[in-house]
Amino acid sequence: MIIWAAALAALFIGVILGLLGGGGSVLSVPVFVYLLGATAKSAVAMSMPVVGVTSVIGAWGHWRAGNVEWKSATTFGLVAMLGAFAGARAAHFLTGAQQLGLLAVVMAASAGSMLYRRPRTERQHDEPDAPAGAMLRPAVLGSAVGVGIMTGLVGIGGGFLIVPALTALGKVPIRRAIGTSLVVIAMNSASGMLGYVGQTHIDWRTVAWFTTLSSIGILAGSRFAHRVPASHLRRGFAFLLLALSAFLLWQNRAILLS
């Protein structure tokens, strides 16, 4: 029964990624811990291949539609990769409960971003590339480092942080920011995974089937994205994240307060 629940969760994560362009990957760590019995540190490391592969699949579709800015992705992504590797190495100094507590905070922040995001109107015509040098601004580079560190520490994709950074600070048009963020997430995940080498056990068989199901989910979600009211779905998913955030904090309260 539990394995079937985990399989459904893997599909759900992919569907959410396909429908919303982000957010679903934050669920992978709790699923690995509470449904599949992995330790917190193993779960964070195991989530990264799931996040990375599903992001590559999502980025492929955006690239075919012309919605990836490779210069922005390369600059932001390379800096974020340094942060992800550093975060993964720094995770050695945190307990598993502390990582789960931090993940709970990130979940709550992601939910807040979804609940208070203002709807954007996308233009139908070609939009200009980001201004030259925009990715080299200190605020953008600082955001890239911060996103990378969070990826390394708790195994999230970070799309809910990357997209605002690209649009507000890097001046990347919203459609291209979503596609570009998926490339950055894939780069982050690869670097973070490297940072966990030798730190914890990774069950690659579990990672393989979980990633496969998530990939099927993202393909299905992407196919039906235009038929589902994203605002309603985003709001419902945000409340789910808030509930899971509270659950994680409650489950780890003893160690977090000690």
Side-chain angles (χ1 to χ4, degrees), residues 1-17 22-56 84-108 110 148-159 185-186 188-218 240-241 243-256 258:
M1 180 64 71
I2 291 178
I3 195 70
W4 282 107
L8 289 174
L11 283 169
F12 178 73
I13 287 169
V15 169
I16 291 295
L17 283 167
S25 58
V26 76
L27 300 178
S28 57
V29 171
V31 171
F32 281 132
V33 172
Y34 294 106
L35 291 181
L36 296 175
T39 66
K41 289 190 179 295
S42 291
V44 170
M46 290 164 66
S47 74
M48 291 187 183
V50 178
V51 174
V53 172
T54 51
S55 295
V56 167
F85 187 83
R89 302 311 293 180
H92 175 74
F93 300 101
L94 298 177
T95 65
Q98 288 170 335
Q99 284 179 274
L100 291 177
L102 183 57
L103 176 62
V105 173
V106 172
M107 278 184 166
S110 178
I149 289 173
M150 293 307 299
T151 297
L153 286 175
V154 297
I156 62 167
I185 291 169
N188 260 353
S189 301
S191 181
M193 182 71 252
L194 248 140
Y196 274 96
V197 171
Q199 280 200 59
T200 187
H201 170 72
I202 297 175
D203 183 347
W204 287 106
R205 179 176 295 180
T206 299
V207 168
W209 69 254
F210 197 95
T211 302
T212 300
L213 290 176
S214 293
S215 301
I216 293 171
I218 197 172
L240 172 62
L241 289 184
L244 285 173
S245 174
F247 172 78
L248 287 177
L249 290 173
W250 177 258
Q251 286 289 311
N252 297 281
R253 65 192 184 283
I255 297 177
L256 290 172
S258 63

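Everything quoted here is computed from the prediction, not taken from an experiment.
- Put simply, CG on Leu102 and CG on Leu94 are 7.5 Å apart, with the number rounded to the nearest 0.5 Å.
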Between Ile218 and Ile13, is a side-chain contact (heavy atoms from CB on, under 4.5 Å) present by the stated rule, with each step listed? CA-CA 8 Å; Ile218 197 172; Ile13 287 169; over 6 Å; no
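- A donor-acceptor pair is defined here as one N or O able to donate and one able to accept, closer than 3.5 Å; such a pair exists between the side chain of Ser47 and the backbone of Val44.
- Proximity of a side-chain donor or acceptor of Gln199 to a complementary backbone N or O of Ala88 within less than 3.5 Å is detected.
- Counting only distance, with no hydrogens or angles, the side chain of Ser42 and the backbone of His201 share a donor-acceptor pair below 3.5 Å.
- Between Leu213 and Leu11 the shortest heavy-atom distance is O-CD2, 3.3 Å.
- Summarising the geometry, atom CG belonging to Leu249 is positioned 10.0 Å from atom CE belonging to Met107; distances are rounded to the nearest 0.5 Å.
- With a 4.5 Å cut-off on side-chain heavy atoms, Ile156 and Val51 do not count as touching.
- No donor-acceptor distance shorter than 3.5 angstrom exists from the side chain of Lys41 to the backbone of Gln99, with no hydrogens or angles considered.
- The minimum heavy-atom distance between Leu248 and Ala104, with the atom names listed, is CB-CB, 3.8 Å.
- Counting only distance, with no hydrogens or angles, the side chain of Ser214 and the backbone of Ala10 share a donor-acceptor pair below 3.5 Å.
- Pairing each heavy atom of Met48 with each of Thr151, the nearest pair is CE-O, 3.0 Å.
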Worked check of side-chain contact (heavy atoms from CB on, under 4.5 Å) between Leu244 and Tyr34: CA-CA 11 Å; Leu244 285 173; Tyr34 294 106; over 6 Å; no
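- To the nearest 0.5 Å, atom CD1 of residue Ile149 and atom CZ of residue Arg89 are 15.0 Å apart.
- Counting all heavy atoms, side chain and backbone alike, Met46 lies closest to Ile202 at CG-CG2, 3.7 Å.
- Nearest heavy atoms, Leu103 versus Pro30: CD2-CD, 3.9 Å.
- Scanning both residues, Thr39 and Val33, for their nearest heavy atoms gives O-CG2, 4.1 Å.
- Ser215 places no side-chain N or O within 3.5 Å of a backbone atom of Thr54 that could act as its donor or acceptor partner.
- Screening Phe32, Trp204, Phe12 for a ring-ring contact (aromatic ring centres under 6.0 Å, His included) with Phe210, the sole residue that qualifies is Phe32.
- Between the side chain of Ser189 and the backbone N or O of Ile185, at least one donor-acceptor pair lies under 3.5 Å.
- Atom CD1 in Ile3 sits 10.5 Å away from atom CG in Leu8 (nearest 0.5 Å).
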